[in-house]
Amino acid sequence: DVTSPDAFITYVPRQNVLKASSTLENELTFFKGEAKLKGTAIIQPAGMTGYGIMSMAKANLGSDAFKFKRYDIDSDTSVFNLKNPYPEEGESPLAFSSTNVNAHISFKDRKGDFKSNDGEELKTFPVIKYAAKVDIFTWLMDQDEMELSKKNGGSSSGDININTDLNLARPNMFSIHPDQDSLQFAAPKVKFSMKNKVLYCSNTTFIDVADARIYPDSAKVTIHKNAVMDPLLNSKIVANYVTKYHTFLNANTRISARRKYTSEGDYPYYDADSVKTLIHMDKIGVDSTSQTVATGTVKSEDGFKLNKYFDYYGPMKIKAANPLISFSGATRINHNCEKFAKSWMSFSAEIDPKNIQIPVTANMKTLDGKAIAAGIVWRDSRQKDSIRLYPTFLSALEDPNDPIFITASGVLQYDFSSKEFQIGPKEKLLNRNEPGNFIALHTESCSMNAEGKINMGMDYGDVTVDAIGTVS
């Protein structure tokens, strides 16, 4: 039934057509007052049609070609707007808007079904400050909710285009907040709660932010008004998403723009034996070049090992573009040789977890500045019978003034085939015929051998003597 206190009525007997148009003061009332038409209703033997703007308590539907049934409104081409039913100061009066849609609204089923005539058309949520590119959506009248989806519901066969080189899903959710630089991601299914002013996104496998790919736990993302995204708890971060050098797990991530996020989480460190250790990174974020950078600190009581032969504690830093990890702390070698005291040696270097090589200088120190050495050392004394040689390998000096008899510098490594710690220039570790000093501590025999220049500890006056030899 259609009612109105007054209307412009036109009847064309030969065409068997009756037209009723709204006036300036009164609209045509449909569906027991649930909808009002500002426009014209046309009655013919085949049924009722019309055109104009259909106003409902929470929505407007405009079309040049309505079809009316007892409980339904249909239109092949229409404009649909949802009002903001819970407006706050400064908010848009619209909660959702869409153009060029095929519409079916049922006042019996209490819902409206819409399909885009342009395929994946951009629908906007002004209060949320987001837009969604979808082709199907349903308005649940009484729940103040909308459900939006792509035609194939997030299946891999049709709704998401894949770039096989980078495995990129085509985004369909776009932030229109001016400070978020068009943050975007793919969400094949979205539910919009007008009461809570929240977008609930499902099937979101990842979000690309700066150089990182962030994987939400359970593939769910929640967005509040003004484009505020809930923290992604227990998320995974891969950085960067092209080289995939580094991964962070159990991350609590806040995404604030297309090139900005902050997080904290665990870094899975794998040594040469593929033993995994989770290291907590206190800060994960983006630097001025839009590169992901993570920093954390390993505590001495954590018992962390670079591999089973090297303990470590201190700060560490990861940059997405660099496969190596920066360590700036202290290391201690692991062996069972009692005559070689073990000390923590400070260092700062980029380390390959699969090939541990730690820089060593002639002036090695602990983190608190105490001198340590690797090689043979003179025990200096005023008493001649107390002068002797003693071995060290990252060991504290008996006296800071003890002169070094023979040592080596370059890098420290553990050679798995010979079962020994080695110190020397990288070239010499690869080829023992290369020049330079070399020192090795064999972990099974607990013996040390060294070769290269030797400091005899003697004053030759004006004569310069270079002693070269091998010491075991």
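Keep in mind it's a predicted model, so treat the numbers as computed, not measured.
You'll find the ring centres of Phe96 and Trp139 outside the 6.0 Å limit. Residues Tyr269 and Tyr267 keep their aromatic ring centres 6.0 Å or farther apart. Aromatic ring centres of Phe137 and Phe192 lie farther apart than the 6.0 Å criterion allows. Checked against the 6.0 Å centroid threshold, Phe393 and Phe340 do not count as a close aromatic pair. Separation of the Tyr215 and Tyr241 ring centroids does not fall under the 6.0 Å cut-off. Separation of the Tyr130 and Phe125 ring centroids does not fall under the 6.0 Å cut-off.
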Start with the C-alpha distance between Thr253 and Ser263, add both sets of side-chain angles, then the distance that settles side chain to side chain donor-acceptor pair (under 3.5 Å), and finish with yes or no.
CA-CA 4 Å; Thr253 306; Ser263 186; 2.9 Å; yes

I'd like to know whether Leu412 forms a side chain to side chain contact (heavy atoms under 4.5 Å, CB included) with Phe310, so could you lay out the CA-CA distance, the side-chain angles of the two residues, the decisive distance to 0.1 Å, and finally the verdict.
CA-CA 10 Å; Leu412 164 68; Phe310 294 95; 3.6 Å; yes

Should Met146 and Lys123 be marked as a side chain to side chain contact (heavy atoms under 4.5 Å, CB included) after you check the CA-CA gap, both sets of side-chain angles, and the distance that decides it?
CA-CA 12 Å; Met146 290 194 65; Lys123 324 294 183 183; over 6 Å; no

Worked check of side chain to side chain donor-acceptor pair (under 3.5 Å) between Asp287 and Thr289
CA-CA 5 Å; Asp287 65 13; Thr289 65; 2.7 Å; yes

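If you check the side chains of Asn307 and Asp273, you find no donor sitting under 3.5 Å from an acceptor. Counting only N and O atoms by type, the side chains of Ser348 and Ser328 include a donor and acceptor under 3.5 Å apart.
Crowding of Ile53 atom CD1: a count of heavy atoms from other residues, nucleotides or ligands under 6.0 Å not exceeding 12.
For the atom pair OG1 of Thr366 and CG of Leu394, the computed distance is 11.0 Å after rounding to the nearest 0.5 Å.
Between Asp144 and Lys58, at least one side-chain N (NZ, or NE/NH1/NH2) sits under 4.0 Å from a carboxylate O, which counts as a salt bridge. Note on Glu147 versus Lys111: no salt bridge recorded, every NZ/NE/NH1/NH2 to OD/OE distance being 4.0 Å or above.
A disulfide bond (SG atoms under 2.5 Å apart) check over residues 335-376, counting only residues at least two apart or in different chains, returns the pairs Cys337-Cys446.
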